[in-house]
There are 2 protein chains.
Amino acid sequence: MEPRQGAQAIRRALAVLRILAAGREDGVPLAEVVRTTGLTRPTVHRIVHVLIEEGIVERHQRTGRYAIGNQVPELALARPRPSRLLIAANPSLQRASAAIGDTLFLTVRTGNDTLCVDRRIGVYPIQVLSIEVGARRPLGVSSAGVAILAAMPAQEARKIVAANEKRFEAYRTDVATVLGEVAAARRLGYGMREIGLIQGTKSISTWIKTPDGQPAAAMTVSAVRTRLGPRREQEVAEILLREARIIEQAIGG
Amino acid sequence: MEPRQGAQAIRRALAVLRILAAGREDGVPLAEVVRTTGLTRPTVHRIVHVLIEEGIVERHQRTGRYAIGNQVPELALARPRPSRLLIAANPSLQRASAAIGDTLFLTVRTGNDTLCVDRRIGVYPIQVLSIEVGARRPLGVSSAGVAILAAMPAQEARKIVAANEKRFEAYRTDVATVLGEVAAARRLGYGMREIGLIQGTKSISTWIKTPDGQPAAAMTVSAVRTRLGPRREQEVAEILLREARIIEQAIGG
DNA sequence: TGGTTCTGTCCATAATATGGACAAGAACGC
DNA sequence: GCGTTCTTGTCCATATTATGGACAGAACCA
């Protein structure tokens with residue numbers, strides 16, 4: 001069902017775009033795109049420069065790095081603004097943020113990536129703000145990614161993790177480690193990372209499923225490690241799990 | 001300098017995407033994409049369906065129409081939110097909206113299209129709300145498009161109008177009419193349409209240029225025709241022209 | 001019924017995208 | 001200075017890939 005052919009070039013261009021998106025404003029050097037896509041350099045070079053001519057990609061004057069261009073948000077305006085999920089999750093995020101006090105993230109899956117789509121800053125004076133709205137990471141390197149993988153059939157999760165293999169080393173992890181964390185999350189009922197992407201932080205993530213059982217998103221709390229001892233981890237997880245079920249109801253109806 | 005080759009398929013896919021973007025939420029039937037792009041149906045069909053598999057395009061269950069998909073706004077998140085222009089134009093839009101009382105639009109050029117990027121509703125009880133943020137039209141069919149064409153070298157404007165020829169009939173206009181309106185706008189110093197896209201409305205647009213003389217955007221007032229007699233047209237045009245110069249300063253520095 | 005839209009599929013063919021090979025620039029060490 | 005290793009950019013013969021004419025089914029209307 002999947003493999004419709006006759007458009008290799010288009011698929012490749014999109015793969016390049018997704019890598020560039022992960023680089024956000026700063027962009028990505030050509031060599032890195034070549035490495036992570038597995039395409040040859042002439043091919044990536046050609047694709048990227050055609051996309052520049054078309055306004056879909058921009059190149060930073062100083063650094064020479066490539067980034068998502070102006071025309072992408074322009075195309076995006078064709079869609080009505082806030083997504084169903086964002087609307088459904090809003091009250092839960094508000095409640096959970098008030099109850100917990102640490103930074104909350106809402107993260108969706110897009111292809112083989114996680115994408116942060118909302119963030120709420122809590123009242124506690126020390127907040128972990130590492131991840132911004134729009135941040136994109138290979139599924140598996142963040143606790144949100146682990147949670148989302150844990151919520152899908154093991155085989156599918158393994159496939160995605162394998163596809164991301166090349167990109168893991170940049171985050172100092174690997175396929176085996178990620179699969180271990182996913183298994184642990186399945187046992188626990190939520191995703192957890194003792195060592196967050198930032199030194200000294202800890203994250204807890206619950207998954208949110210669509211009515212058909214597919215994971216739609218993850219809700220994450222990140223805090224300095226000392227704020228999330230075993231006791232509080234339990235409390236926070238319970239709040240997240242409760243709100244996740246509420247969001248599932250909201251997107252289900 | 002322009003014609004880098006070896007990526008016909010990618011360029012075609014983007015042309016298709018831009019047409020789909022013009023259809024907004026409702027989308028566009030395949031046949032219309034075929035007509036306006038000038039590609040063959042098998043080609044468009046193949047492109048569109050690959051884009052669906054990739055999540056870039058969606059198809060409406062009921063109507064079978066094709067529309068911009070979820071993944072486009074997701075890619076757009078890679079760019080920092082509000083554009084330079086939007087920030088620079090904000091105070092001017094606020095002032096002009098308060099002074100005039102009718103609906104104000106900020107429209108940019110993107111390729112051969114105009115794209116509405118901001119709208120301010122005025123205090124007067126009858127407002128022309130035909131155009132929404134995200135609305136996309138071939139350059140030339142709206143007063144904003146005419147203004148933008150008037151602000152560029154005549155030769156370039158003619159090229160764009162010619163490229164849009166196929167799309168004009170859907171708006172009940174043609175190349176000759178558009179070029180006439182552009183010439184009139186050049187003489188006047190601003191774009192004007194006695195017959196707006198909606199019956200009984202009238203629009204006035206000023207252009208905003210970047211420091212290098214390229215038109216960057218247009219600022220438009222739309223109102224029911226009776227609100228914009230010759231005297232008031234003059235007043236409104238003066239306000240728009242003044243604010244346009246202020247925005248040009250803001251994006252120039 | 002035939003006529004007119006629309007969408008979808010096949011496959012031989014030509015044109016297109018590919019990638020190996022080469023080159024040149026930049027940054028670093030010594 | 002000169003080698004080493006990193007990067008980006010370009011060429012072009014080649015085979016893989018995208019193309020579009022032709023065919024077909026579905027929906028709608030008279």
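Note that the coordinates shown come from a computational prediction; the quantities given were computed from them, not determined experimentally.
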For A:Asp26, enumerate each residue passing the side-chain contact (heavy atoms from CB on, under 4.5 Å) test, keeping only those at least two apart in sequence or located in another chain.
A:Arg65
Assess whether a salt bridge exists between A:Arg24 and A:Glu132, defined as any Lys/Arg side-chain N lying under 4.0 Å from an Asp/Glu carboxylate O.
yes
d(CZ, A:Arg35; C1', D:dC6) in whole Å
10 Å
Considering only residues two or more places apart or on different chains, which pairs with a residue in residues 11-47 of chain A satisfy ring-ring contact (aromatic ring centres under 6.0 Å, His included)?
A:His45-A:His49
Minimum heavy-atom distance between A:Cys116 and A:Phe105, given as atom pair plus value:
SG-CD2, 4.1 Å
B:Thr177 side chain to B:Asp174 side chain, donor-acceptor N/O pair below 3.5 angstrom:
yes
To check you understand the geometry: which heavy-atom pair defines the closest contact between B:Arg137 and B:Ile131, and what is its length?
NH1-CG1, 3.3 Å
Under 3.5 Å side-chain donor-acceptor pair for A:Gln214 and A:Arg109:
no
When rounded to whole Å, the CD to P distance for the pair A:Gln8 and D:dA18 reads 5 Å
B:Val117 side chain reached by B:Val133 side chain, heavy atoms, under 4.5 Å:
no
side-chain contact (heavy atoms from CB on, under 4.5 Å) with B:Ala76: which residues, sequence neighbours excluded?
A:Val72, A:Pro73, A:Ala76
Protein-nucleotides 23-29 of chain D N/O pairs under 3.5 Å:
none

Go through A:Ser222 and A:Ser203 one step at a time and tell me if the side-chain hydrogen bond (donor to acceptor under 3.5 Å, both in side chains) criterion holds.
CA-CA 4 Å; A:Ser222 285; A:Ser203 301; 2.8 Å; yes
Using a cut-off of strictly less than 4.0 Å between a heavy atom of the residue and any atom of DNA chain D, enumerate the qualifying residues of residues 54-67 of chain A by number.
A:Arg59, A:Tyr66
Which donor-acceptor pairs under 3.5 Å do the side chains of residues 157-166 of chain B make with protein atoms, sequence neighbours left out?
from     : atom 1 : to       : atom 2 : distance (Å)
B:Asn164 : OD1    : B:Arg167 : NH1    : 3.3
B:Asn164 : ND2    : B:Asn112 : O      : 2.9
B:Asn164 : ND2    : B:Leu139 : O      : 3.4

Near DNA chain D, which residues from residues 42-52 of chain A have a heavy atom under 4.0 Å away?
A:Pro42, A:His45, A:His49
Return each pair, listed once, that meets salt bridge (charged side-chain N to carboxylate O under 4.0 Å, His left out) where at least one residue sits in residues 28-51 of chain A; pairs must be two or more places apart or across chains.
none
The answer to which of A:Ile10 and A:Leu30 contacts DNA chain D further toward the 5' end, by nearest nucleotide, is A:Leu30
Interatomic distance, CD1@B:Ile247 vs CD1@B:Ile87, rounded to 0.5 Å, equals 13.0 Å
Between residues 13-27 of chain A and DNA chain D, which residues have a heavy-atom gap below 4.0 Å?
none
Please test A:Arg18 against A:Thr37 for side chain to side chain contact (heavy atoms under 4.5 Å, CB included), starting from the C-alpha separation and ending with a verdict.
CA-CA 10 Å; A:Arg18 287 191 262 264; A:Thr37 57; over 6 Å; no
Under the side-chain contact (heavy atoms from CB on, under 4.5 Å) test, which residues partner A:Glu58, sequence neighbours left out?
A:Asn70, B:Arg79
Interface limits on DNA chain C, where chain B has a heavy atom under 4.0 Å of a nucleotide atom:
C:dC6 to C:dA17
Partner of A:Thr63 under side chain to side chain contact (heavy atoms under 4.5 Å, CB included), picked from A:Gln61, A:His60, A:Arg59, is A:His60
At their closest point, which heavy atom of A:Val146 faces which heavy atom of A:Ala185, and how far apart are they?
CG1-CB, 3.9 Å
Axis-to-axis angle between the two ends of the helix from C:dT1-D:dA30 to C:dC30-D:dG1 (five base pairs per end, rounded to 10 degrees)
30°
For A:Tyr171 versus A:Pro138, what's the shortest heavy-atom pair and its separation?
CE1-CD, 3.5 Å
